[in-house]
2 protein chains.
Amino acid sequence: MSLQNVLIAGRWRPAHASGTFRAENPATREPLPDEYPVSTWQDCEDALTAAVAAFDELGRLPTERIAAFLEAFAARIEARKDEIVRMANLETALPTSPRLADNELPRTTSQLRQAAAAAREGSWALPTIDTNNNIRSQLAAIGPIAVFGPNNFPLAFNSASGGDFAAAIAAGCPVIAKANSSHPGTTRLLAEEAFAAVQATGLPSATVQLIYRTSHQDGEYLVANERIGATAYTGSRPAGLALKRAADARGKPIYLELSSINPVVILPGALDERLEDIAGQFTTSCLMGTGQFCTNPGLVILLAGPQAEKFVALLVERFQAAPVGTLLSKGVAESLARAIEGKKWDGASVLTGGTSGGGKGYSFANTLLSVGGEDFLAHVHEHQAEAFGNASLLVVADGVAQAVEIIDEMEGNLTGCIYSHTGGADDVAYDALAPRLRQKVGRLLNDKMPTGVAVSPAMNHGGPFPATGHPGFTAVGIPASLRRFAMLHCYDGVRPQRLPPVLQDKNPTGTTWRLIDGAWTTADVG
Amino acid sequence: MSLQNVLIAGRWRPAHASGTFRAENPATREPLPDEYPVSTWQDCEDALTAAVAAFDELGRLPTERIAAFLEAFAARIEARKDEIVRMANLETALPTSPRLADNELPRTTSQLRQAAAAAREGSWALPTIDTNNNIRSQLAAIGPIAVFGPNNFPLAFNSASGGDFAAAIAAGCPVIAKANSSHPGTTRLLAEEAFAAVQATGLPSATVQLIYRTSHQDGEYLVANERIGATAYTGSRPAGLALKRAADARGKPIYLELSSINPVVILPGALDERLEDIAGQFTTSCLMGTGQFCTNPGLVILLAGPQAEKFVALLVERFQAAPVGTLLSKGVAESLARAIEGKKWDGASVLTGGTSGGGKGYSFANTLLSVGGEDFLAHVHEHQAEAFGNASLLVVADGVAQAVEIIDEMEGNLTGCIYSHTGGADDVAYDALAPRLRQKVGRLLNDKMPTGVAVSPAMNHGGPFPATGHPGFTAVGIPASLRRFAMLHCYDGVRPQRLPPVLQDKNPTGTTWRLIDGAWTTADVG
């Protein structure tokens with residue numbers, strides 16, 4: 001057993017610690033051997049000072065250097081793949097294969113490489129040139145970024161390797177990573193490779209820093225600190241909202257990805273047409289990763305009728321037949337049990353599951369609850385509380401009008417899906433529901449489940465509060481996700497040689513898209 | 001004397017009023033005849049309900065209809081120009097000509113027409129299509145917008161006709177305008193024309209609504225209300241921060257434009273070269289509109305030396321020779337006097353002015369203060385408090401290093417300027433100062449004063465907190481200013497005929513720029 005070092009100011013060194021903690025193997029409920037420090041404010045202070053210096057230095061380097069770092073880091077992750085995946089499996093109980101080794105790790109390195117390409121190319125910054133007024137602007141790095149990663153994607157959303165990390169670095173911002181306490185070892189291995197890549201590519205040594213844990217109070221100080229540019233947080237709603245309050249009070253941008261229940265509306269015509277297929281899609285989507293996806297379909301809206309009954313019966317069968325996975329932690333298992341109890345208390349019936357256990361380590365039976373539309377509307381708060389894990393609530397509305405009412409009562413969500421008859425039999429219902437659902441969600445889907453989050457330039461992994469803190473930004477998708485870590489830099493009458501290369505008359509890459517006098521072009525000015 | 005009606009739900013009707021108020025003519029200090037209601041929450045409630053219905057309806061109309069409205073409104077403003085300008089002059093004491101009639105009113109109608117063109121064309125929404133994944137996204141109207149206009153631009157930033165109004169409507173959002181209490185009559189005339197244009201072009205009747213004043217508490221409820229999409233506020237820092245707290249707590253986007261002192265650094269080589277010219281530019285910029293511009297140069301940083309002394313002496317002459325204008329209100333005059341006293345208390349010397357009066361009605365002598373770099377650094381808070389009006393503080397640094405320190409202590413500002421020698425004699429100093437100033441301001445200028453804010457696609461009228469609430473957005477400049485009033489709408493696998501026209505394969509206008517598979521184009525998909 002060894003107490004691990006933090007990575008601050010280009011050095012792996014002992015923390016100024018107020019205590020220590022160990023991660024647990026959720027599959028065995030046993031603590032893992034390594035011990036990690038809880039940092040005091042002194043570590044945050046040191047990290048902030050170093051990050052500011054790194055930020056200044058990064059701003060003077062060509063973006064090519066940042067791209068080279070991101071690519072070197074991706075290659076190093078691949079070279080150490082087995083060890084990283086083994087550690088992530090120990091700390092999260094997520095399956096080594098295909099989940100960690102074949103899906104999440106390649107997604108992680110692909111994101112880093114896409115971010116590298118975006119940094120190199122520069123179009124993400126929406127460079128805009130007005131030749132008549134000689135005013136030029138672009139989005140540009142905002143400052144050091146604090147990244148708080150979630151528990152459910154130890155690689156692809158890790159604070160030291162994930163989407164927020166890649167986007168912040170590609171935008172030109174150093175990262176202070178705060179490890180998720182449930183997988184500090186995975187985060188350490190990733191940060192080791194990130195730092196090695198920093199050194200290999202000659203970036204400022206504090207471009208990547210790592211702290212494992214702080215007090216809640218110090219976390220709030222960190223996101224509100226004058227030296228921070230912005231914060232990216234993915235995790236629980238209460239902790240996220242506390243950070244938001246602190247950051248908002250000092251006018252510091254904070255991008256939050258909080259809870260989401262991702263409503264799925266399945267219309268009668270779709271069930272008439274392809275009931276079994278949809279039941280299969282839903283079961284897979286709801287139970288994959290033991291339901292621990294941000295976009296897990298936690299709420300299904302059905303219209304009452306014989307087809308809905310048949311569908312529900314089939315889901316129950318499928319849920320009962322499916323293996324019960326391991327949850328990420330004791331905390332996740334406890335929250336899930338609490339959320340289910342809350343819904344039962346407010347009128348939901350248990351169709352299957354509803355009890356702890358049934359799988360290896362921390363687990364909870366695959367669970368389906370059901371509630372009538374009226375009961376849902378009487379307890380909208382409880383029934384749309386997130387039950388993070390392998391559970392979903394089926395809401396049976398007595399008709400389209402009630403389904404509209406239910407959607408109107410929904411909070412903001414990341415996604416919303418509508419399944420409808422391919423021949424148009426549900427179109428009237430669709431037209432009544434879709435415009436209401438549209439304003440409640442970041443991503444609207446037709447005839448598919450929300451759990452696949454493609455790393456696409458058109459993706460929105462975001463949505464109205466409280467799913468996120470601002471509905472104009474996405475956490476997934478390059479280049480759009482980079483724009484969270486930027487401020488708008490306008491240059492008015494600035495002498496040509498003093499402009500950043502991308503705003504000079506000559507297009508520095510020949511391929512960067514720039515909006516010149518109202519037209520997007522890769523050409524030079526003039 | 002008559003009590004004016006509010007405009008709610010498509011009807012000019014008596015307010016649910018808790019009291020009344022009258023505007024004052026700042027040039028005579030006499031109250032103006034019309035009486036305006038202070039609305040109770042009931043008016044806000046009614047306006048919110050109507051705005052939601054209008055929002056739904058607007059979403060179903062082609063954007064051409066919104067463009068037609070904005071153009072019809074612009075034409076109606078021109079048709080009633082004399083009356084509007086006369087009223088604005090009575091309420092603000094801003095000169096009828098050239099200021100109101102020849103500059104601000106044409107700017108207002110030009111903004112409305114540019115917004116119309118942006119709405120019609122659609123490129124502002126950054127439509128993005130990923131054909132491989134069939135994922136498509138665009139920015140889209142976020143919901144009803146509350147607009148709180150400032151006192152200093154009764155037309156071009158008016159809550160019922162200005163930049164925020166135009167941008168919100170062009171983005172597809174109905175506006176609930178809260179008049180600035182210093183020019184309710186101007187706002188009423190503009191809202192009359194807006195509403196007439198709404199009727200003439202057949203937009204939903206609650207597309208434009210007007211309330212004159214509410215309690216502070218009701219203002220906070222309004223910006224935090226579930227039915228509000230977002231808020232735009234331009235005005236005083238304390239009132240803006242109170243609204244921000246309320247909106248932030250409910251996760252409602254709020255775009256603030258608060259105080260800014262717009263530092264101007266004048267380097268020795270520039271003074272060697274063109275001292276008189278710069279003195280003239282500064283005097284004009286600082287005193288135009290009696291100094292009541294958001295981008296008024298309220299702080300000048302000079303490097304100690306004989307040229308700086310000569311420059312200061314010349315500024316004093318110019319300030320003394322210039323006529324003293326009328327301030328916008330009693331409140332502005334009182335705040336200015338208070339701010340000047342505060343700076344004197346903390347070590348600033350009065351070079352000229354410093355006393356109330358000297359002009360017609362509410363006025364204050366053209367004022368220059370001076371403080372040494374060390375005193376500035378000892379009292380950074382007081383010395384960068386905004387003194388809104390015809391006054392500026394000259395900070396004399398003992399060298400470049402101290403000037404850097406001063407900039408490092410600056411809060412966020414809208415603008416920052418550096419004047420330097422055209423032959424390169426100041427380049428070392430420039431290179432030390434510019435990167436620091438860059439991160440503190442939205443718009444960086446070379447060799448020009450900040451008061452001209454061109455309505456350019458490359459403009460940034462924004463900047464880091466506390467100048468605004470988020471440094472990624474601009475309040476001036478079309479199309480970028482529209483993006484404040486939008487959320488990101490992603491469509492994943494949505495059937496073709498259900499997509500908004502701009503995301504369908506065929507480019508609906510043939511001229512809309514769309515990012516298709518990583519390349520900006522006006523072509524169709526495929």
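Quick note on labels: first sequence line is chain A, next is B, and so on, each numbered from 1.
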Check: A:Ser137 side chain, B:Ala458 main-chain N or O, donor-acceptor pair, under 3.5 Å: yes
Heavy-atom pair count under 4.5 Å with chain B, highest-scoring of A:Glu121, A:Lys448, A:Gln439: A:Gln439
Most contacts with chain A, counted as non-hydrogen pairs under 4.5 angstrom, among B:Ala480, B:Pro471, B:Ala141: B:Pro471
Winner by heavy-atom pair count (cut-off under 4.5 Å) against chain A, out of B:Pro127, B:Gly442, B:Pro253: B:Gly442
Under 4.5 Å from a heavy atom of chain A, the part of B:Leu126 involved: side chain
A:Asp431/B:Arg498 ion pair, N-O < 4.0 Å: no
Contact class of B:Ile135 relative to chain A, heavy atoms under 4.5 angstrom: both
B:Pro466, part contacting chain A, at a heavy-atom distance under 4.5 Å: neither
Heavy-atom contact with chain B under 4.5 Å, split by part of A:Leu444: both
Short side-chain to backbone donor-acceptor contact, B:Lys244 and A:Asp248, under 3.5 Å: yes
Option in A:Ile129, A:Val441, A:Asp130 with maximal non-hydrogen atom pairs under 4.5 Å from chain B: A:Asp130
Salt bridge present between A:Asp447 and B:Arg495 (N-O < 4.0 angstrom): yes
Most contacts with chain B, counted as non-hydrogen pairs under 4.5 angstrom, among A:Ala140, A:Gly251, A:Ala230: A:Gly251
Minimum heavy-atom distance between B:Trp520 and A:Trp520, given as atom pair plus value: CB-CB, 3.4 Å
Residue-level contacts of residues 483-493 of chain A with chain B, using a heavy-atom cutoff under 4.5 Å: A:Arg483, A:Ala486, A:Met487, A:Leu488, A:His489, A:Cys490, A:Tyr491, A:Asp492, A:Gly493
Segment of A:Lys252 engaging chain B (4.5 angstrom heavy-atom cut-off): neither
Aromatic plane relationship, A:Phe473 with B:His470 - under 30° parallel, 30 to 60° tilted, over 60° perpendicular: parallel
Interface moiety of A:Pro435 toward chain B, non-hydrogen atoms closer than 4.5 Å: neither
Pick from A:Gly59, A:Gly518, A:Ala519 with the largest number of heavy-atom pairs that fall under 4.5 Å of chain B: A:Ala519
Top contributor to chain A contacts, counting heavy-atom pairs under 4.5 Å, from B:Asn133, B:Val494, B:Leu241, B:Thr468: B:Val494
Contacts of residues 407-424 of chain B with chain A (heavy atom under 4.5 Å): B:Ser420, B:His421, B:Thr422
Pick from A:Arg136, A:Arg245, A:Arg438, A:Arg436 with the largest number of heavy-atom pairs that fall under 4.5 Å of chain B: A:Arg438
